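First the proteins, then the strands, lettered A, B, ... as listed; each starts at 1. These numbers were taken from a predicted model, which means no experiment stands behind them.
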Amino acid sequence: MLWKKMIRDIWGNKGSYLACLVLVIIGLLIFTSFSIAGDNLSLSQEDFYREQNFAHGFAEITSMPYRELERLSEVEGIEQISGRVKKQARVTRPEGEVGVYLELVSMDLEDPERVNDVRLLEGSELRAGEFEVWIDDQFFDTYRLEQGYRLEIIAGGRARELIVEGVAMSPEFTYPLRTEGEIYPNPEQYGIAFISRDAMWSLFPELQGRVNNVVFTLVHGADFDQVKNRLEPELEPYGLINLYPREDQTSHLILSEEVAQLQRMSTVIPIMFLSVAGLILYIMLKRLVEQQRGQIGILKAFGYSNREVTLHYLAYALTVGFIGGLLGGLAGIYLANPLTWLLLEFFHVPETYEGFSLYYLLLGLIISLAIFLVAGYQGCKYALRLKPAEAMRPPAPISGKKTVLEKIGLFSAMLTIQGKMAVRNLGRNRSRSAFLFLGMTLSCAVVIVTWSLNDIIDKLVFYQYEEVEVHDARITLTEPLSPDPVTIELTGHDEVTMVEPLAEVPVKLSHAWREENVLVLGIPEGSSLYVIRDAAGRRVPTPERGVILSERLADKLHVSPGSTLELESPYLRNGEEPVLVDVCRVIPQYLGMNAYMEITGLIDLLDQGSFATSFMVNVDGTSGPDDPGGDSRTISIASLRDRYRESEQVAAVDGLEERVREARELMETFGVVIYIYVLFGMVMAFSIIYSSSFIILSERNRELASMKVLGMTSREVFSVITFEQWFISVFAILAGLPLAQMMMMAFARELSTDLYTLPAELSAQALLMGAIITIASISIAQQFALRKVRKLDLVEVLKTRE
Amino acid sequence: MELIVARNIHKRYQMGEVTVHALRGVDFTLYDRELVVVLGHSGSGKSTLVNIVGGMDLASEGELYFKDRPLHNAGEAELTGYRRDQVGFIFQFYNLMPNLTAYENVHLSVQIAKDPLDIDALLEQVGLIDRREHFPSQLSGGEQQRVAIARALAKNPQLLLCDEPTGSLDLPTGKQILKLLRDFCDQYNKAVVIITHNTNISYMADRVIYLKDGLVEEIKENPEPLPPEKVSW
Ligand SMILES: Nc1ncnc2c1ncn2[C@@H]1O[C@H](COP(=O)(O)OP(=O)(O)OP(=O)(O)O)[C@@H](O)[C@H]1O
Ligand SMILES: [Mg+2]
């Protein structure tokens, strides 16, 4: 019998229960799908690393005899060590619209225990010494290659042919980026080719019998830093450029970050949704119990025990928790695999786990039931205390009171009578007003933060390419050259309008015991192609002496302008002796993490003759409204690229506009995700307002009906409720702004890496959109609730005393 | 002048399988400046009838005119306008807004009226001028009912409908209320309908409509209505 009562009660108020249910479903859906996908990804990652013997340490060196490896494997703490030759080569067939490059990585076919082994997905074994390669799967798919395909490349200044023998994957290239400045892989421009060591030596005769890249695994329990200290002196004579642990390896860093982020989101977002749902339910049950006190008295008078009555009301909560938990959990399981596939689209990890995990379903159910048990119990514990006789008496009449606010004469003079009712109602139920306030604050903040992700991504990419690196193309050399003759040659081409040299020098900067390996960019004084800017966007001149650091780098080194750093580099003439350099400025940098110097100052510091590692050029071509795609510039860059197709000294010609265009495309994918989150924020605001309207309607239906009898329209009557909601919401939206700022700062801190730094600022547009979207959700929810006022049965409501 | 004309009013309530026939063809006419008492036993359909006349509910069948304006097929908006401009309601349970003062409760209806009466004058008339800042919970039942009357009158309606206005009051307080209703009828020349099952109250009416089982049993003119002070029960 009581079940029937419950179902009728729920049905009678289905809107609010449904709102509550939707929140639970969203929460649990995110919980299960994100948890499972995170697990899938992290287990696949672990498996892949174990099976391919993924390195714990990586070292880039200028070059070292191959036989030295034997000796290095004796270094204490190293388990296995492999030496490779790694070189980038330009591809001439297949040809892409812009430059296509292959990372050639040598494999020691005789060594059965290779570190960073390559997994062959399809195809046949490589033969030592033959020009045969395995290609990474994305490049292979992008260009629709086949086994036997003849790739043409320029290696060491000579055109060569490589035969594709298979498709492969390596843990080293789960997220392959060609240069530091990129943030996502681009298989159209960059692929990985694995080749036998002997063949590699034939391609690059100058490296015959040598390696330029060393990877090693550690014995169990060894400490990387200790091994590093032992290994460094061994490698330094061979031009050690960089020695870093797995944690700093780009692919690993990004993949692990993604997994960690999934796990974070799989808890934070569901908690948010479930708490709001729990609060709504708590308030609804509390109201229900108050409304049904007469019924409770009768039940108790019949002889129902306290426990039975409480259980009856708890059942409302648990039903919602259970149905929501089950539906959300099942939907989450259903979506977990598509989500995993989607993630694997971004990361080259062979999928080994495809979870159908009942564990998260059960865990989710338990969490949701627990939350609803607490919310439900808090909501209905009042029913327990009621004595039967007391329960059947009507509740104490509501006593009116003027509020403190009204003491402010001007304020009360501004209020209509409906306004006065609303303001007094606010004080009538403080905890509910507080809930409404908190809920709206949270929804508004969620919308603002997600909306500003748009701006942030925008800033991340476009700031760097449109404000800082303001050149059309970058020509990267295979080895440093004296700048003047090259500048003269480049300026001589018709399509080139401006040329400036750039020196990119790998250095180790240290301050006390902190050290960081970064690139110092040497930029010509007063450069118009590379503009360093301060936080306000003003141009910062390159100092003659001293170095400019990016904010993140300065933070990591714990330095500020005025500090002195030690600088080591394989480019230093006297090799091992570090030199001192002053920090003269700290600037924001969103993409990458660099240090900057004036080019001649840098060269003086290194005690070298003048050199450049790449050249920035502007090319002919109109831009602006007539030519939004920058086609004529693309043509100029292509012709420049053609000129140096066969050159041994030019490693790459990169058009920056291409990058921006591609970044834009990527942004659109992100956009969808952002809109989904914004939608979540809206659902939350909607549910809160909708259920709050419902509760108020049921609580005051008598008052509202009386007003309708007086001849007020439904809208006028409803304005009492909306006034109350708007009154709270205005303050909630205002409070949402600082909350959003705080969330944004936490976000920026959590998500920033050496590859990119998220700016923790909210744009005016995001704030505005947050407010507008919240206001829109409120209005929509109110429109739905208004229908209830329209349908209010006057005769029925007024017939009896409450 | 004819204010309300009701022709063959039926009201049926569908309760699952059972149909309750609350009104089965009621005919009557209501003139301005008269005080009418509708008398009948509990369940005879009094409230149902008055709710239909007041535009709170629609008849299942029949015709209803207010000053020749048909109301039986009026929409929601038209009924709201009718209630707003022409009708005042008074209930057994006063239905005041608990969080508005006496004055504000009256002001609530003045706000939507086209030609409202003066609030303080009305409060003066119902004897509550010095309680104008009090909330309903600080007033007695009789005082609350007087605020409710002031609220209904303040809109200056053509027609005042009172459903058991004295139902929960004692005799002296009840008489005060009835006197206010009589005065309103006489002073402002408006029609007043009082529903009751108390025969004694019918002695103060100009006309009495007897309702029985959803039908008008009899309509009686009272040539010499008793002043409310003389009514007793
Ligand atoms: N909403 C409803 N649903 C079903 N039946 C109803 C409804 N409202 C009224 N009735 C029925 O219509 C009939 C008339 O009811 P009404 O309230 O008009 O009587 P009344 O004369 O006002 O009685 P009372 O003096 O007790 O107030 C009754 O039999 C009642 O049961
Ligand atoms: Mg009645």
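- In this structure, the separation between CZ on B/F91 and CZ on A/R702 is 9.0 Å, given to the nearest 0.5 Å.
- Taking the salt bridge (charged side-chain N to carboxylate O under 4.0 Å, His left out) definition, one finds that B/D183 meets it with B/K179, sequence neighbours left out.
- Contacts between residues 709-716 of chain A and chain B, counted as heavy-atom pairs separated by less than 4.5 Å, involve A/V709, A/L710, A/G711, A/M712, A/T713, A/E716.
- Within 6.0 Å of NE2 in B/H21 there are more than 12 heavy atoms belonging to other residues, nucleotides or ligands.
- Annotation: A/K286, atom NZ; neighbour count of heavy atoms from other residues, nucleotides and ligands within 6.0 Å does not exceed 12.
- Remark: B/H134 NE2 is packed, more than 12 non-hydrogen atoms of other residues, nucleotides or ligands lying under 6.0 Å away.
- Residues in residues 54-71 of chain B take part in these salt bridge (Lys or Arg N to Asp or Glu O under 4.0 Å) pairs, two or more places apart or across chains: B/K11-B/D57, B/R12-B/E61, B/R69-B/E78.
- For B/H72, the ring-ring contact (aromatic ring centres under 6.0 Å, His included) test picks out B/Y65, with sequence neighbours left out.
- With a 6.0 Å radius and a threshold of 12 heavy atoms from other residues, nucleotides or ligands, B/M15 has its CE atom at or below the threshold.
- With a 4.5 Å cut-off on non-hydrogen atoms, B/I112 touches chain A through its side chain but not through its backbone.
- Atom CG in B/L100 sits 4.5 Å away from atom CE in A/M421 (nearest 0.5 Å).
- Contact record, A/E703 with B/N99: OE1-OD1, 4.1 Å, taken as the closest heavy-atom pair.
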request  = Take A/R424 and B/E104, measure what side-chain contact (heavy atoms from CB on, under 4.5 Å) needs, and give me the verdict at the end.
outcome  = CA-CA 13 Å; A/R424 288 171 196 168; B/E104 288 163 349; 2.6 Å; yes
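- For B/S109, the parts sitting under 4.5 Å from any heavy atom of chain A are the backbone and the side chain alike.
- The shortest non-hydrogen separation linking A/K708 to B/R83 is O-NE, 2.9 Å.
- Applying the 6.0 Å contact sphere to CZ of A/F784 captures no more than 12 heavy atoms from other residues, nucleotides or ligands.
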